[in-house]
Number of protein chains: 2
Amino acid sequence: MPEPRSRRDRPAKPPLSRQWIIDTTIGIMRREGLGKATMRRVAKELDTGPASLYVYVRNTAELHAAVIDELLGAVTVQEQGDWQDRLLALVTDYRTILAAHPGLARSALVIRPSGPHLLALFDRAMGLFIEGGVDPAQAAWGVDLLLLTATASAAEHAEPEDGDVDADTDAPAKCDAMAEAVRAAEAPLLAEHVDAVLGGTPQGRWTWYFRAQIAGIAATPTSND
Amino acid sequence: MPEPRSRRDRPAKPPLSRQWIIDTTIGIMRREGLGKATMRRVAKELDTGPASLYVYVRNTAELHAAVIDELLGAVTVQEQGDWQDRLLALVTDYRTILAAHPGLARSALVIRPSGPHLLALFDRAMGLFIEGGVDPAQAAWGVDLLLLTATASAAEHAEPEDGDVDADTDAPAKCDAMAEAVRAAEAPLLAEHVDAVLGGTPQGRWTWYFRAQIAGIAATPTSND
DNA sequence: ACCTGAACACCGTTCAAGT
DNA sequence: ACCTGAACACCGTTCAAGT
């Protein structure tokens with residue numbers, strides 16, 4: 001017996017490539033959330049020190065961007081329905097992926113990922129707009145706007161982190177606080193239309209956001225001022 | 001001489017109230033960015049330990065939310081122009097405040113602030129929509145959408161943190177990377193309309209986002225499915 | 001009752017030194 | 001050349017103990 005195996009049965013040594021780092025990060029994120037997928041934690045999982053990761057990724061933000069693009073590889077391509085239905089399916093897919101894991105959408109907003117999968121998605125969305133007869137310039141900015149909204153909406157509705165405080169206080173307390181604040185503040189219109197403001201399911205809201213934006217994008221020419 | 005004064009000439013002792021904590025946090029943020037406005041840093045500025053702050057604020061997120069609402073007190077009310085012009089001025093003001101300090105918009109997206117100043121802003125925006133003859137239900141969701149876009153847009157275009165890497169690499173490298181990625185990826189439409197995709201000033205884009213959304217909001221009824 | 005020192009359990013990133 | 005131990009300079013939050 002030359003030496004006892006460390007921990008469990010590890011085959012020789014992990015390769016430690018960029019892809020392996022990304023996959024490990026995704027694994028941790030799926031199990032414990034993006035908040036736990038830190039450099040130090042990923043390094044530990046890879047049986048090395050955090051410094052080693054910097055050979056393959058520039059920093060934490062770049063690693064998270066790579067994770068996002070990797071996950072974006074899972075967006076499906078809807079073949080049925082008209083261009084608007086297919087565009088809705090595409091953007092909803094994008095949003096669902098970002099909303100599934102806390103922090104992912106927040107990261108996407110900050111680091112502006114531009115990996116191959118996002119570009120492919122952008123290209124498909126542009127294609128659907130153009131198929132719908134929308135001017136390419138409007139289509140380009142329209143896709144930007146749609147993805148911005150999808151990302152922001154995902155950031156808002158992302159499930160809370162694993163170790164989150166007061167899960168029960170979530171919805172009721174928020175409504176109470178809102179209702180109380182509305183009454184306390186000088187917000188007569190909010191008070192009057194409180195049902196409209198707070199009403200609707202997240203799903204219904206998202207669909208309406210999409211439809212409203214599609215209508216506006218198609219109808220609003222890009223000015224040259 | 002009973003005892004030597006600590007550091008510089010401090011008058012007796014700071015009051016250490018919630019408002020004083022918020023003001024101190026804003027001061028640090030203005031000078032060094034939100035990233036530096038940590039519990040520990042604020043406590044140090046207040047000549048106490050971080051634990052003391054928890055008597056007045058629940059946690060870092062709540063403190064940052066309070067800071068945002070405080071800053072939102074500075075939104076001006078435009079009196080000239082039609083309802084769309086005034087709404088644009090209002091939402092642009094909101095966006096400008098969030099974009100001025102890095103991290104602020106990012107925080108706003110996560111913590112969903114609902115302080116009195118935000119509620120007042122929401123109420124004013126609703127009022128302008130209703131003045132424009134927009135259905136209240138559409139107005140309510142419309143304001144939500146507009147603020148979501150403004151916040152997300154601010155998060156994207158926020159000035160980089162004080163201690164930021166490669167400022168020169170910013171715009172050119174981003175364009176190069178984008179252009180290269182477009183060529184490398186299978187993104188023919190992106191490649192064809194690259195000028196439209198990357199074109200326009202942030203200001204011009206924001207105005208177009210606003211106009212497109214206004215048009216869509218006014219034209220899209222909230223369905224009851 | 002109100003406040004806080006000290007501790008707990010973490011971070012990202014760098015760099016000199018090793019193989 | 002490639003890799004990394006150890007250090008640097010931080011974090012948020014809690015809680016037992018003090019006044």
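Chain letters run A, B, ... following the sequence lines, proteins first, then strands; residues in each count from 1.
- Between the P atom of C:dC15 and the CG atom of A:Leu53 lies a distance of 17 Å, rounded to the nearest Å.
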Every protein N/O lying under 3.5 Å from an N/O of nucleotides 7-11 of chain C:
residue : atom : partner : partner atom : Å
C:dC11  : OP1  : A:Thr38 : OG1          : 3.1
C:dC11  : N4   : A:Arg40 : NH1          : 3.4

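- By the side chain to side chain donor-acceptor pair (under 3.5 Å) test, A:Tyr94 is found to be paired with A:Thr151, residues two or more places apart in sequence or in another chain being considered.
- Partner of A:Val57 under the side chain to side chain contact (heavy atoms under 4.5 Å, CB included) criterion, out of A:Val42, A:Leu63, A:Thr25: A:Leu63 alone.
- Looking at the side chain of B:Ala51, the nearest of the listed nucleotides D:dT13, D:dC15, D:dT4 is D:dC15.
- Partners of B:Asp123 under the side chain to side chain donor-acceptor pair (under 3.5 Å) rule, at least two apart in sequence or in another chain, do not exist in this structure.
- In this structure, OH of B:Tyr54 is placed 13 Å from C1' of C:dT4, rounded to the nearest angstrom.
- Contact between the side-chain N/O atoms of B:Tyr56 and the OP1/OP2 oxygens of C:dC3 is found at a separation under 4.0 Å.
- For A:His193, there are no side chain to side chain donor-acceptor pair (under 3.5 Å) partners, not counting sequence neighbours.
- Distance CG (B:Asp47) to P (C:dG5): 10 Å, rounded to an integer number of Å.
- For DNA chain D, each stem of at least three Watson-Crick or G-U pairs (distances under 3.5 Å) is given as range with range: C:4-8 with D:12-16, C:12-16 with D:4-8.
- Rounded to whole Å, the C1' atom of C:dA7 lies 16 Å from the corresponding atom of D:dC10.
- When the side chain to side chain donor-acceptor pair (under 3.5 Å) test is applied to B:Thr92, the partners found at least two apart in sequence or on another chain are B:Trp206.
- Minimum heavy-atom separation, A:Ser107 to A:Leu34: OG-CD2, 3.7 Å.
- B:Leu104 approaches B:Met29 most closely through the heavy-atom pair CD1-SD, 3.8 Å.
- The side chain of A:Ser52 lies closest to D:dT4, out of D:dT4, D:dT13, C:dA6.
- Residue A:Leu16 contributes atom CG, which lies 13 Å from atom P of D:dC2 at whole-angstrom precision.
- C:dA16 and D:dC3 have their C1' atoms separated by 13 Å, given to the nearest Å.
- Within the 4.5 Å cutoff, no side-chain heavy atoms of A:Gln19 are placed close to those of A:Tyr56.
- A:Asp144 places no side-chain N or O within donor-acceptor distance of the main-chain N or O of B:Val197, the cut-off being under 3.5 Å.
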